[in-house]
There are 2 protein chains.
Amino acid sequence: MKLSNTNQRRIIIEELRNLYTHPTADELYVIVREKLPQISLGTVYRNLELLADAGKVLKLELSGKQKRFDGNVNKHFHMRCRACGRIEDMHADKMSEIDRNLNDLVDKLKVDGYRLELNGLCNKCRAEEE
Amino acid sequence: MKLSNTNQRRIIIEELRNLYTHPTADELYVIVREKLPQISLGTVYRNLELLADAGKVLKLELSGKQKRFDGNVNKHFHMRCRACGRIEDMHADKMSEIDRNLNDLVDKLKVDGYRLELNGLCNKCRAEEE
DNA sequence: ATGAATCTAGTAATGATTCCTATTATTTCA
DNA sequence: TGAAATAATAGGAATCATTACTAGATTCAT
Ligand SMILES: [Mn+2]
Ligand SMILES: [Mn+2]
Ligand SMILES: [Zn+2]
Ligand SMILES: [Zn+2]
């Protein structure tokens, strides 16, 4: 099914790409409503799903009840903060060794892929802990 | 809070330890009802939670909507089958290299830990694919 | 044995997500 | 350019895994 060009879809992807916070659908809904006050939550859900299928955004199925979304589709990893729950990026260049190892593992075990989530303290919470 | 010894709790952990299937709470509920027909689903949920907190079982928060539970608390990894959804064990001895690397990563990045889920075809589905 | 602590069954509530539908917007192509 | 066809929308209902509530039962420590 071809994706039409709608205002709703354009604003959703635009606003998501402005963020570094890996919002849930309902968090993004609040933000998008500043531009499109009449948009419905269902539209945000549906478009995030379609955009993820099309490879335009990432759908993150991490621990926690809610799915999160990421406008950055470049390869990187995620850490969940044990204190505040925020998702922080861990860029692949810091992790090239583990990335190589995981790819080797995928080959060796003849599996399709993997999902890796790191757990720890985000920068903000680490600073506050002093 | 100290855990009492109840029939319900004993049967839940016993039946879970007999399985290699990583059941959801409701799947285990069906099995436990063969021994205790009057048990409630809430009791299964509550006990699995308490037993996981006590380190007697593992709570697996993998992809998919439902949590799964594992009576085997020895270190090992899990693979979700893309065809049937089953969770299959990947024992740590097969994965000692990746295990070492992940532990190094945890040290290097000063994080607490990680969650790794492999994705692929389980043995049964791989056999059926020929 | 007894009082306090813990647990249970049954049921209601919660909350994230998906589904439904009448209406509106977008695309296609004659 | 202008229907007809296709796709998307808002708003609301439905789903369903999980958690919360509660009165009564069980288990525990002494
Ligand atoms: Mn990210
Ligand atoms: Mn296992
Ligand atoms: Zn934090
Ligand atoms: Zn399978």
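Within every chain, numbering begins at 1; the chains are lettered A, B, ... in the order of the sequence lines, protein sequences first and strands thereafter.
Checked against dA10(D), dT18(C), dT8(C), the side chain of E49(A) finds its nearest nucleotide in dT18(C). Side-chain proximity of Q66(B) to the nucleotides dC7(C), dT18(D), dT17(C) is greatest for dT18(D).
Applying the 4.0 Å criterion to OP1 and OP2 of dA10(D), one finds that Q8(A) has a side-chain N or O inside that range. For N7(B) and dT27(D), the shortest distance from a side-chain N or O to OP1 or OP2 is not below 4.0 Å. The phosphate of dC7(C) (OP1 or OP2) has no side-chain N or O of T43(B) nearer than 4.0 angstrom. For dT8(C), the OP1/OP2 oxygens have a side-chain nitrogen or oxygen of T6(B) closer than 4.0 Å. For dA10(D), one of the phosphate oxygens OP1 or OP2 lies less than 4.0 angstrom from a side-chain nitrogen or oxygen of S40(A). Taking only side-chain nitrogens and oxygens, Y45(B) never comes nearer than 4.0 Å to OP1 or OP2 of dT19(D). Between N5(A) and dT27(C), a side-chain N or O to OP1/OP2 separation shorter than 4.0 Å is present. Regarding contacts with the backbone of dT19(D), every side-chain N or O of R46(B) stays at 4.0 angstrom or more from both OP1 and OP2.
Computed from coordinates, the I11(A) CD1 to dA8(D) P distance equals 17 Å when rounded to whole Å. What separates CD of Q38(B) from P of dT8(C) is a distance of 11 Å, to the nearest Å. Between the C1' atom of dT18(D) and the CD atom of E27(B) lies a distance of 15 Å, rounded to the nearest Å. Remark: C1' of dG15(C) and NZ of K65(B) are 14 Å apart, rounded to the nearest angstrom. Distance Y29(B) OH to dT8(C) C1': 13 Å, rounded to the nearest Å. Going from atom CG of L41(B) over to atom P of dG10(C) covers 12 Å, rounded to whole Å. Atom CG of N47(A) and atom C1' of dA7(D) are 11 Å apart (whole Å). A straight line from CG of L36(B) to C1' of dA9(C) spans 12 Å, rounded to a whole angstrom.
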_Test log, rule side-chain hydrogen bond (donor to acceptor under 3.5 Å, both in side chains), inputs T6(A) and R9(A)_ = CA-CA 5 Å; T6(A) 66; R9(A) 187 162 295 152; 4.5 Å; no
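In plain terms, the two heavy atoms of D89(A) and H91(A) that are nearest each other are CB-NE2, 3.6 Å.
Under the 4.5 Å side-chain contact rule for hydrophobic residues, L48(B) and L58(B) do not share a cluster.
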Counting only pairs under 3.5 Å, give me each side-chain donor-acceptor contact of residues 116-130 of chain A, with atom names and distances, residues two or more places apart or in other chains.
from: E117(A); atom 1: OE1; to: S63(A); atom 2: N; distance (Å): 3.0
from: E117(A); atom 1: OE1; to: S63(A); atom 2: OG; distance (Å): 3.4
from: E117(A); atom 1: OE1; to: R115(B); atom 2: NE; distance (Å): 3.3
from: E117(A); atom 1: OE1; to: R115(B); atom 2: NH2; distance (Å): 2.9
from: E117(A); atom 1: OE2; to: S63(A); atom 2: OG; distance (Å): 2.7
from: E117(A); atom 1: OE2; to: N119(A); atom 2: ND2; distance (Å): 3.3
from: K124(A); atom 1: NZ; to: E128(A); atom 2: OE2; distance (Å): 3.3
from: R126(A); atom 1: NH2; to: K110(B); atom 2: O; distance (Å): 3.1

Which pairs, protein N/O on one side and nucleotides 22-25 of chain D N/O on the other, fall under 3.5 Å?
none

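A salt bridge links K75(B) to D99(B): at least one charged side-chain nitrogen sits closer than 4.0 Å to a carboxylate oxygen.
Both D26(B) and K2(A) lie near DNA chain D, and the one whose nearest nucleotide falls closer to the 5' end is K2(A). Nearest-nucleotide assignment on DNA chain C puts the 5′-proximal partner with R9(B), out of S4(A) and R9(B). In terms of position along DNA chain C, the nucleotide closest to L3(B) lies nearer the 5' end than the nucleotide closest to the other residue of the pair L3(B) and G42(B).
Between atom CD of residue E88(A) and atom NE2 of residue H78(A) there is a gap of 10.0 Å, rounded to the nearest 0.5 Å. A distance of 10.0 Å separates CG of D70(B) from CG of L19(B), quoted to the nearest 0.5 Å. Note that OG1 of T43(A) and CD1 of I12(A) are 7.0 Å apart. Values are rounded to the nearest 0.5 Å.
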